[in-house]
Amino acid sequence: MHDAALERLRNWGAKTAIVLGSGLGALTEKIEASERIAYSEFADFPAPKVTGHAGEFALGAVNETNVLLAKGRVHLYEGYSARAVTTGIRILAAAGVKRVILTNAAGTANPDFAPGSWMMLCDHLNLTGTSPLIGAPEFIDLTDAYSSKWRAAFSRGARETGVALHEGVYAGLLGPQYETPAEVKMLRTLGADAIGMSTVLETIQARALGLEVAGFCCLTNWAAGIGEEHLSHADVLTTGQAAAADFARLLHATLK
Ligand code: HPA
């Protein structure tokens, strides 16, 4: 992987990257992005097709430490392979990143975790039926996929700033349709607290490359059948924008 765009990412010298999910692009307003590089400048980077996903890297800083922001991602449900949806993670690793923070918008299946709050992933259920390691098999250990050391640091940051941060299990599904109430009940029985359509494959790819991973769900809605309301992508984006400020505070309190 050698091109001019990668060189620009690498020159930023960031060790930490943050992947921003649906509607969470507003976070970059709080993280001083001084320069942007479109995903399209990288050979073979698939273009996001969903609203709320900008499709660019931003060079930013948190507490005067450089970070890379990946604004927007591609999903399996856009018709891309598991390998394609994890291109961004391989680029970040090639740019010298050692730690990734993966964010997403998710439905909450846990009655104690209200929409509008954040959940840190302690583990996941990969229910996509696929893996980015297919074709280049590696039998990687996912016991501590979401770094327990880093989780402790974020919990401390949440306590210091008063940001409501739950901790739970994320179920990653194929999508793009939202779940039926029966599916949500099943996922709850399987141990899921939050449900979404991303993140799990990126975690697998990041761990295979030896990166440390933290994962966060912006809980944008009750999963189907739990609340009264019906689900819409527009509502998911609006709630995500409102919760972005909380997450920016959490990052500033933790990445020191
Ligand atoms: N289910 C799956 N993905 C989602 C949801 C949901 O309820 N909300 C946001 N992304």
Side-chain angles (χ1 to χ4, degrees), residues 18-27 48-55 70-80 82 85-86 88 101-130 146 164-204 213-247:
I18 308 163
V19 178
L20 301 174
S22 296
L24 298 171
L27 242 169
K49 301 177 187 170
V50 192
T51 24
H53 288 267
K71 298 179 70 183
R73 54 157 65 88
V74 292
H75 306 80
L76 288 175
Y77 63 67
E78 294 170 64
Y80 295 118
V85 303
T86 50
I101 297 170
L102 304 173
T103 68
N104 62 51
T108 163
N110 184 328
D112 294 329
F113 298 178
S117 60
W118 284 87
M119 186 190 93
M120 179 162 61
L121 278 68
C122 60
D123 207 341
H124 77 218
L125 299 164
N126 174 13
L127 301 174
T128 64
T130 188
Y146 300 92
L165 182 65
H166 307 290
E167 205 166 329
V169 173
Y170 173 82
L173 278 69
L174 176 61
Q177 70 288 342
Y178 293 119
E179 303 69 40
T180 64
E183 287 165 344
V184 170
K185 232 183 248 172
M186 171 189 75
L187 294 167
R188 187 79 194 120
T189 311
L190 294 178
D193 296 292
I195 307 171
M197 308 172 193
S198 68
T199 306
V200 293
L201 302 179
E202 290 154 87
T203 299
I204 294 167
V213 178
F216 295 89
C217 298
C218 177
L219 301 172
T220 52
N221 56 277
W222 291 114
I226 296 195
E228 302 281 289
E229 84 258 49
H230 282 259
L231 274 59
S232 84
H233 186 58
D235 291 345
V236 166
L237 295 185
T238 316
T239 311
Q241 275 149 16
D246 268 357
F247 196 70

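When reading the values below, keep in mind they use all heavy atoms of this one structure, side chains included, and skip hydrogens, waters and symmetry mates. Just so you know, ligand 1 is whichever comes first in the structure, and atom 1 is the first atom listed for that ligand.
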Inset, instruction - Enter the distance from Leu165:CG to Asp246:CG here, rounded to the nearest 0.5 Å. - result: 10.0 Å
Inset, instruction - May I ask which of Cys217, Gly196, Ala106, Ala224 has a heavy atom nearer to atom 3 (N) of ligand 1 than the others do? - result: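 Going through Cys217, Gly196, Ala106, Ala224 one by one, Gly196 has the nearest heavy atom to atom 3 (N) of ligand 1.
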Inset, instruction - Closest by any non-hydrogen atom to atom 8 (N) of ligand 1: pick that one out of Asn221, Thr108, Leu173. - result: Asn221
Inset, instruction - Tell me yes or no: between the side chains of Asn126 and Thr128, is some donor less than 3.5 Å from an acceptor? - result: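 Looking only at side-chain atoms, Thr128 and Asn126 do form a donor-acceptor pair, the distance falling under 3.5 Å.
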Inset, instruction - Take the angle between the ring planes of Phe247 and Phe216 and call it parallel below 30°, perpendicular above 60°, tilted in between. - result: perpendicular
Show which atoms of ligand 1 fall inside a sub-4.0 Å distance from at least one heavy-atom site of [X].
X: Thr220; answer: 8 (N), 9 (C)
X: Ile195; answer: 1 (N), 2 (C), 3 (N), 4 (C), 5 (C), 6 (C)
X: Ala105; answer: 9 (C), 10 (N)
X: Met197; answer: 2 (C), 3 (N)
X: Glu179; answer: 1 (N), 2 (C), 6 (C), 7 (O)
X: Gly107; answer: 4 (C), 5 (C), 6 (C), 7 (O), 8 (N), 9 (C)

Legend entry - Stepwise side-chain hydrogen bond (donor to acceptor under 3.5 Å, both in side chains) test for Thr199 and His124: CA-CA 9 Å; Thr199 306; His124 77 218; over 6 Å; no
Legend entry - Closest approach of Cys217 to Tyr170 (non-hydrogen atoms, all atoms of both residues): SG-CD1, 3.4 Å
Inset, instruction - Considering non-hydrogen atoms only, spot the tightest contact between Ile226 and Val184 and give its length. - result: CD1-CG1, 3.9 Å
